[in-house]
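Letters A, B, ... mirror the listed sequences (proteins, then strands); counts begin at 1.
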Number of protein chains: 2
Amino acid sequence: MRKCWWRGKFEGAGLRLTSPRLAIIDILSKTTKHPSAEDIYLTLRQKYNNDNIGLTTVYRTLEILVNMGIVYKFDFGDGRTRYELSEGPDGFRHHHHLVCTECGRIIDYTDFIDEEKELLDRTEKGLAEKYHFQIHKHLIQFYGLCENCQLNKP
Amino acid sequence: MRKCWWRGKFEGAGLRLTSPRLAIIDILSKTTKHPSAEDIYLTLRQKYNNDNIGLTTVYRTLEILVNMGIVYKFDFGDGRTRYELSEGPDGFRHHHHLVCTECGRIIDYTDFIDEEKELLDRTEKGLAEKYHFQIHKHLIQFYGLCENCQLNKP
DNA sequence: AATTTTATTGATAATGGTTTTCATTTCTAG
DNA sequence: CTAGAAATGAAAACCATTATCAATAAAATT
């Protein structure tokens with residue numbers, strides 16, 4: 001996979017790959033978590049010692065990245081939007097989420113993805129035909145209690 | 001199915017089945033849509049000519065209903081929470097959603113549900129074992145363009 | 001019935017994540 | 001160099017949802 005496969009997308013749209021934008025992509029590419037806009041903003045200040053990037057810019061950048069398909073947007077039910085890098089057009093590392101409703105912990109799983117994918121493809125085709133829908137993406141999430149929260153909340 | 005299978009749940013929890021609560025359940029039971037709290041609030045005033053129920057009560061009632069499993073809560077990405085009756089403990093009319101990202105239209109589909117259910121059950125078991133998660137529910141949604149929006153947005 | 005307790009309610013204010021506004025700065029094309 | 005476009009951050013606005021609180025209604029107890 002090319003290192004910065006998104007460069008072309010920026011150029012094509014007449015957008016500039018500025019340092020705030022690169023920093024935000026960098027943060028996303030180095031975490032396995034699902035940071036919120038504020039998480040990213042705080043990381044910028046703490047880890048990158050960058051006091052010059054405003055929260056507004058973080059939100060704006062994320063919106064651009066989502067629209068370009070570089071970043072996926074998720075709602076795990078805790079009142080804030082969370083983001084994660086889509087990891088390229090080849091879709092490698094495609095996964096779904098397991099969400100702990102107690103502590104908010106998220107587990108990315110890739111198990112069963114192949115079977116899921118096969119079923120989803122068939123379902124998408126069927127639904128597209130029946131409802132004349134042009135399906136662009138799907139969302140699968142499981143909600144429950146993680147190991148810790150099972151013990152602490154009997 | 002019993003007509004008001006939720007009565008017992010209210011009694012059991014020491015809660016009262018007041019007229020605002022009944023009205024809200026009634027609205028939910030008579031729609032195939034996925035109203036937001038404000039939608040329900042407006043319906044109360046318009047269709048039920050009831051000026052006495054405040055928005056706060058709608059939110060509070062919905063929270064109770066969700067906690068009791070009488071109502072499901074959804075986020076379709078338009079910034080407001082949407083609600084729908086779970087339709088009883090037997091789970092009849094179990095369905096998933098097709099969401100138009102352009103106009104927000106929601107289609108409930110029950111096609112492929114059986115196959116999905118079979119896969120989901122297997123997946124849940126596998127995930128529960130591997131990650132020691134106690135899974136309570138799942139979410140499956142497809143996003144795309146509905147028929148109208150495909151034509152109007154070429 | 002009268003009284004005490006508990007649950008419910010709605011108006012209002014507060015919260016908090018996200019967006020808008022706007023004046024300023026930075027980049028780029030010509 | 002210069003004009004135009006894009007990007008930025010601070011502050012204000014937005015808006016769905018929640019908390020506060022005093023008032024009311026229903027149930028439990030006397």
Nearest-angstrom distance from the residue atom [atom1] of [X] to [atom2] of [N]:
X        : N       : atom1 : atom2 : answer
Asp78(B) : dG17(C) : CG    : P     : 19 Å
Leu55(B) : dA11(C) : CG    : P     : 10 Å
Leu17(B) : dT9(C)  : CG    : C1'   : 16 Å
Phe10(A) : dA5(D)  : CZ    : P     : 21 Å
Leu44(B) : dT9(C)  : CG    : C1'   : 14 Å
Asp39(B) : dA16(D) : CG    : C1'   : 12 Å
Arg80(B) : dT18(D) : CZ    : P     : 14 Å
Leu62(B) : dT9(C)  : CG    : P     : 12 Å

- Should the pair Glu129(B)-Lys125(B) be classified as a salt bridge under the 4.0 Å nitrogen-to-oxygen rule?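 Result for this pair is no, no salt bridge flagged.
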- Query: Got a second to check how far Leu139(A)'s CG is from Phe74(A)'s CZ, nearest 0.5 Å?
  - Reply: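 Going from the CG atom of Leu139(A) to the CZ atom of Phe74(A) covers 6.5 Å.
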- To the nearest 0.5 angstrom, please state how far the CZ atom of Arg82(A) sits from the CG atom of Asp75(A).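 One gets 10.0 Å once the value is rounded to the nearest 0.5 Å.
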- Tell me whether the centres of the aromatic rings in Phe142(A) and His97(A) are closer together than 6.0 Å.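 Distance test on ring centres: not under 6.0 Å, no.
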- Task: Report yes if at least one side-chain N or O of Tyr59(A) is closer than 4.0 Å to OP1 or OP2 of dT18(C); otherwise report no.
- Result: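 So the side-chain polar atoms of Tyr59(A) do come within 4.0 Å of the phosphate oxygens OP1 or OP2 of dT18(C), strictly under.
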What side-chain donor-acceptor pairs closer than 3.5 Å can you find for residues 14-27 of chain A, not counting sequence neighbours?
from     : atom 1 : to       : atom 2 : distance (Å)
Arg21(A) : NH1    : Arg16(A) : O      : 2.8
Asp26(A) : OD1    : Lys30(A) : NZ     : 3.2
Asp26(A) : OD2    : Lys30(A) : NZ     : 3.0
Asp26(A) : OD2    : Tyr48(A) : OH     : 2.6

- Message: Classify Ser36(B) by what it touches in the nucleic acid, base, sugar-phosphate, or nothing, heavy-atom distance under 4.0 Å.
- Response: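 No contact.
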- Message: Can you tell me how the ring of His96(B) sits relative to the ring of His138(B), calling it parallel under 30°, perpendicular over 60° and tilted otherwise?
- Response: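 Answer is perpendicular, since the angle exceeds 60°.
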- Task: Test the Lys73(B)-Tyr83(B) pair against the cation-pi criterion, namely NZ or CZ under 6.0 angstrom from the six-membered ring centroid and within 45° of the ring axis.
- Result: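 Geometry flag: not set, cation outside 6.0 Å or 45°.
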- Under 4.0 Å protein heavy-atom contact, by nucleotide of nucleotides 21-30 of chain C - B base, S sugar-phosphate only: B----BBS--
- Choosing from dT18(C), dA16(D), dT8(C), which nucleotide comes nearest the side chain of Glu38(B)?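 Nearest to the side-chain atoms of Glu38(B), counting from C-beta on, is dA16(D).
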